[in-house]
Amino acid sequence: MSAESFLELNGLRVGYGGEAVLSDISMAIARGQFVALLGASGCGKTTLLRTIAGFIHPDAGVIRVEGRDITAAPPDRRDMALMFQSYALWPHMTVAQNIGYGLKLRRVPRPEAAARVAELAASLGLADLLQRKPGQLSGGQRQRVALGRALAVSPRILLLDEPLSNLDARIRVSVRQEIRALQQQLGITAIHVTHDREEAMVLADRIVILNAGRIAQVGTPEAVYNAPVSPFVAAFMGAENVLVLASEPAGDRIRIAPGPANEAAEVPRAGRDLTRGAIEARFRPHEARLHPAGAAVAPDALALHGQVLSVSYPGGQWRHMVRTGAADILVDASQAFAPGSAVTVEVPAPVLYLFNPAAPDPQTSRGATDRPVPNASA
Amino acid sequence: MARVLSALWWLPRGLVLGLLAFAIFGPIANLVLWAVAEKWYFPHVLPLQYGFSYWAKVFAPRGDALTSLVTSIVVACFVVAVSILLAIPAGYALARLRLPFRSLILLAFLIPQAFPNLTVYVNIARIFYQTGLAGTIPGVVLVHVMHCLVYAVWIATAAFAAIDPELEEAARATGAPPLRAFVDITLPLAMPGLMASAIFVFLESLDEFTGSYFVGAPYVHLMPLQLYTAGAGGNYQIASITALLLLIPSVGFMLVVERALTADVLSRIGR
């Protein structure tokens, strides 16, 4: 891994009752980076965070901070702070005591500790609540206290376990900005676990997508969004429309054979390693365009013929359910097409994600996820 | 019609509540009467003469009753100390660690209660006579601890189990070594439950008769033995006063338990 990597995970394997929860987790995180661990529930993201924090011991692999092996170090000797999903505030202590506990442990002189607590509380908007107990606080206030407690000890690494999932949607967006601003301001290295794609995209410098205990892709938000390396990542990033097409790679182009519902098309290869024959194509509803049947499409775009089954208005654009061949897909358009009308769906080449058909055995699909990803060092 | 029915519904309810109140307060009222009765014999419904001369006798500096009360309290305090010191690590381990045969271990503390008391204590007395523990305060404390440990450990286990492990993990993540996290976070949070278990043990020890009789008597003279002697000798006044004194910690216990043993803790007892 690179010399400047601050936190380094190498070949981590975590088992629970003989079953592997995490396998082959390797990554390097630079100082000051904000990394989001993104995945569906049960993918092992919280397990990975708890392993980094020291609450779970990996069966294999090494965790290093600044080159020092801390794999066997207990949680209290790692100089990290963990913010729990439940916040885990101590109910018998006041807000000030909760925030100042880490300073007390480090034998910071009392006036100095009090000043630090007051300063943190002020920046988190808790200045008037210092003498309250956690039971007397609202969800948003508790969340701030938990963040203040984690930041008070100036940890080298801040670990956040779905810190926003217990807040309601409107507070979540503003707290998200605050966390990002604080992290930038303090220059702390942060690892944030979430199942919310948008949250990960907005907060993180780098996103690590986990699938069934393995890293599916690592990259900047734009890289994982625009260049997903696997159907799983594409689907997780919103490309839920799936088609099966026939491909003929030819030089730096990929030719798509005409099918019962699609016209022939040619898209740039863009370094994709595709086999000849059936491939899986994915795209997002809002990135396709909807035209009346027979309309001409751009030269690099895929044209699909179909019929509108239903139309709804979720806000912003009209969402159409379109049947093309055997598949039903969702396509957004700024104007509504009546159910039953024949349409042409245009999918521009850059937003059409093509993959080799998914192998049924997860062991063989491993090759795809372990392959070095161009954006991994971003 | 409905109003008449709901009014009539109060009749059986009032009756049952009244009977319940009588069942609870009847004997206590009798106790209070006997405690202040100077003269009270058969055909009379109420005492013929009231006074506190028996109280003076009980609290006389050299009276048997007072010394037995002091001995009982000393023994009970030791029993509480030993039981709680054993119950804290045992309860924590049973609540937190993934121990094999966990429920079997919990059940093992119940064994002294599972057999007839007399059989157990007669045998203990025999062993204690051989080892010189019989008739000594440590011997009585030991017998009481064995009897009380089931409550102490079960309640302590429930108290620790009711605390979210994440609270302790949060302390560890903040930089606290394991023992420090336990002392600063887990112990204070378990304290209400541990207090309840301590009071329970205190009362059990104060109340324990069979073990005290076989192992302690006649050298260690405890309150229940005093009560027994007074009652058997027909001295109802002394017996009533002693019983009333024994009632004080019980009432205090109920007040504490009502606050400390929340449903959260209670639901975890014996699990």
Side-chain angles (χ1 to χ4, degrees), chain A residues 16-17 46 49-56 73-94 97-108 113 133-135 142 145-163 191, chain B residues 84 88 91-93 95-103 155-156 158-198 256-268:
Chain A
Y16 187 82
T46 294
L49 198 76
R50 291 175 60 84
T51 307
I52 296 171
F55 290 113
I56 297 174
D76 46 300
R77 307 283 290 275
R78 296 193 172 202
D79 204 2
M80 297 179 184
L82 173 57
M83 188 174 154
F84 291 81
Q85 185 174 4
S86 65
Y87 311 143
L89 298 178
W90 301 307
H92 61 300
M93 295 187 186
T94 63
Q97 287 169 328
N98 265 283
I99 296 177
Y101 182 66
L103 301 171
K104 197 172 122 191
L105 288 174
R106 283 161 182 74
R107 300 218 168 87
V108 175
K133 293 275 177 76
R142 281 181 212 186
V145 176
L147 185 61
R149 183 176 70 183
L151 291 174
V153 297
S154 312
R156 282 192 298 184
I157 297 169
L158 176 64
L159 306 171
L160 305 154
D161 186 5
E162 306 218 16
I191 302 177
Chain B
I84 293 301
I88 287 175
Y92 185 78
R96 283 293 154 81
L97 310 180
R98 258 184 252 124
L99 294 173
F101 314 115
R102 190 181 160 277
S103 48
I155 298 175
F160 284 121
I163 299 167
D164 185 352
E166 275 194 352
L167 294 176
E168 204 173 316
E169 286 178 355
R172 298 295 310 280
T174 313
L179 193 66
R180 185 76 196 265
F182 177 78
V183 170
D184 284 350
I185 308 298
T186 314
L187 202 57
L189 290 174
M191 203 41 92
L194 294 176
M195 283 298 289
S197 116
V256 172
V257 159
E258 197 240 344
R259 285 170 158 265
L261 280 187
T262 56
D264 207 26
V265 173
L266 280 175
S267 68
R268 286 177 167 86

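Chain letters run A, B, ... following the sequence lines, proteins first and then strands; every chain starts at 1.
- With chain B as partner, the option from A:R50, A:R77, A:K104, A:M83 having the largest number of non-hydrogen pairs under 4.5 angstrom is A:R50.
- The one candidate from A:F55, A:Y87, A:F84 that meets the side chain to side chain contact (heavy atoms under 4.5 Å, CB included) condition with B:E166 is A:F84.
- Put simply, OG1 on B:T186 and CH2 on A:W90 are 10.5 Å apart, with the number rounded to the nearest 0.5 Å.
- Nearest heavy-atom pair, A:Y101 versus B:A176, reported as atom, atom and distance to 0.1 Å: OH-CB, 3.7 Å.
- Minimum interatomic distance between A:D76 and B:G175 (heavy atoms only, all atoms of both residues): CB-C, 3.5 Å.
- Heavy atoms of A:L159 lying under 4.5 Å from chain B are absent altogether.
- A:P75 is not listed as a side-chain neighbour of B:E169, based on a closest heavy-atom distance of 4.5 Å or more.
- Between atom OG1 of residue B:T174 and atom CD1 of residue A:I99 there is a gap of 11.5 Å, rounded to the nearest 0.5 Å.
- Taking every heavy atom of both residues into account, B:L167 and A:P91 meet most closely at CD1-CD, 4.0 Å.
- At a 4.5 Å heavy-atom cutoff, the contact between A:R106 and chain B is made by side-chain atoms alone.
- From A:M93, atom CE reaches atom CG of B:L189 across 8.0 Å, with rounding to the nearest 0.5 Å.
- The parts of B:I185 that come within reach of chain A are both its backbone and its side chain, each placing non-hydrogen atoms under 4.5 angstrom from that chain.
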